[in-house]
Amino acid sequence: MQTSFYERDVLTVARELLGCVVRHGACAGVIVETEAYHESEPACHAFIGLTARTQTLFAAPGYAYVYLSYGIHVMLNAVAEVEGVGAAVLIRALQPVDGIELMRARRGVQDLEQLCSGPGKLTQALGIGLEHNATSLATGPIVIEAAERGLAPAELEASVRIGITKAAELEWRFSIRDSRFVSRPWPRI
DNA sequence: CATGGGATTGACT
DNA sequence: GTCAATCCCATGC
């Protein structure tokens with residue numbers, strides 16, 4: 001998708017990424033869960049300001065912000081809002097579509113519902129690493145393709161973030177309702 | 001230069 | 001439910 005898709009309010013981008021397809025090489029999956037981060041909110045890496053680690057967060061929209069969590073897990077984010085604003089959408093879960101056997105080999109797991117049901121799982125399944133930080137999601141090697149159809153409002157589920165007091169009333173997390181491929185049960189609003 | 005925390009996962013009790 | 005694994009990087013001395 002083009003840059004203009006990402007150059008909007010990060011919550012809107014997080015909502016509309018549901019149903020889109022993440023593709024890397026032979027592997028691809030439909031996004032079923034996202035989480036928005038914005039520099040105004042302390043859980044966001046950009047909250048502390050521009051550093052070497054977080055500079056991608058402030059980069060032009062439509063780029064991939066990839067970082068390592070807990071020294072083990074790779075997180076894939078799509079940079080949103082205008083250049084200079086630190087905001088991004090974490091891709092939290094996918095419904096596997098293509099390259100499923102390769103995903104199973106990379107994960108060492110057979111169960112389709114366990115292949116991409118978490119932010120660290122989906123990057124492992126798709127072979128995404130830190131070397132993909134600051135690459136374009138429009139030109140690849142990782143690309144995000146538009147949803148085949150728009151989601152009906154009833155299919156969308158929103159939730160507050162867990163463990164954050166400030167701005168806890170805002171709906172930062174989005175998923176496709178009743179999808180079997182999300183990372184975990186969410187608190188209902 | 002040393003330290004400590006993090007947007008997680010999976011194994012084990 | 002609890003807990004360890006393990007790398008990057010921001011902060012502080």
task = Verify the cluster assignment for A/V30 and A/L151: are they in a single hydrophobic cluster under the rule of side-chain heavy atoms below 4.5 Å apart?
result = no
ask   = Rounded to the Å, how far apart are A/L122 CG and B/dA7 P?
value = 17 Å
task = Step by step, work out the salt bridge (charged side-chain N to carboxylate O under 4.0 Å, His left out) result for A/R8 and A/E16.
result = CA-CA 11 Å; A/R8 295 177 294 165; A/E16 296 195 10; 3.0 Å; yes
request  = Given side chain to side chain contact (heavy atoms under 4.5 Å, CB included), test A/I144 with A/Y6 step by step and report yes or no.
outcome  = CA-CA 11 Å; A/I144 298 184; A/Y6 303 96; 3.5 Å; yes
request  = Find the distance A/E41:CD to B/dG6:P and express it as a whole number of Å.
outcome  = 14 Å
key: Spacing of A/L68 atom CG relative to C/dA10 atom C1', expressed in whole Å   = 16 Å
message = Looking at C/dT6, which nucleotide sits across from it as a Watson-Crick or G-U wobble partner, both distances under 3.5 angstrom, or is there none?
response = none
query = Taking atom C1' of B/dT8 as reference, at what distance in whole Å does atom CD of A/E33 sit?
reply = 13 Å
note = Checking C/dT6, C/dC8, B/dA7 against the side chain of A/L57 (C-beta onward), the nearest is B/dA7
task = Return no unless some side-chain N or O of A/R173 is found under 4.0 Å from OP1 or OP2 of B/dA7.
result = no
query = To the nearest angstrom, how far is A/Y37 atom OH from B/dG6 atom C1'?
reply = 11 Å
key: Any residue of residues 73-91 of chain A with a heavy atom less than 4.0 Å from an atom of DNA chain B   = A/H73, A/M75, A/N77, A/L90
Protein-nucleic acid N or O pairs under 3.5 Å, nucleotides 11-13 of chain B:
none

Worked verdict on A/R23 versus A/E145 for salt bridge (charged side-chain N to carboxylate O under 4.0 Å, His left out) = CA-CA 8 Å; A/R23 186 174 300 279; A/E145 302 163 356; 2.7 Å; yes
inquiry  = In this structure, would A/L102 and A/L94 fall into the same cluster of hydrophobic residues linked by side-chain contacts under 4.5 Å?
reply    = no
CE-CD distance between A/M103 and A/Q110, expressed to the nearest 0.5 angstrom = 13.5 Å
message = Counting only heavy atoms and a strict 4.0 angstrom limit, can you tell me which residues of residues 98-115 of chain A come near DNA chain B?
response = A/R107
task = Quick one: do A/Y65 and A/Y67 satisfy ring-ring contact (aromatic ring centres under 6.0 Å, His included)? Show the steps, please.
result = CA-CA 7 Å; A/Y65 170 48; A/Y67 76 97; 5.5 Å; yes
query = Given atom CH2 of A/W172 and atom P of B/dA7, what is their separation to the nearest angstrom?
reply = 14 Å
ask   = Does the side chain of A/Q124 come under 3.5 Å of the side chain of A/R107 through a donor N or O and an acceptor N or O?
value = yes
remark   = note: A/L130, atom CG; C/dC9, atom C1'; distance rounded to Å ~ 12 Å
message = Taking the minimum atom-to-atom distance to the side chain of A/P119, which one of B/dA7, B/dT8, C/dA5 wins?
response = B/dT8
ask   = How close or far is atom C1' of B/dA7 from atom NE2 of A/H45, stated in whole angstroms?
value = 6 Å
message = Could you go through A/R149 and A/E155, starting from their C-alpha distance and side-chain angles, then the distance that decides it, and tell me whether this counts as salt bridge (charged side-chain N to carboxylate O under 4.0 Å, His left out)?
response = CA-CA 12 Å; A/R149 62 179 182 85; A/E155 295 178 274; 3.2 Å; yes
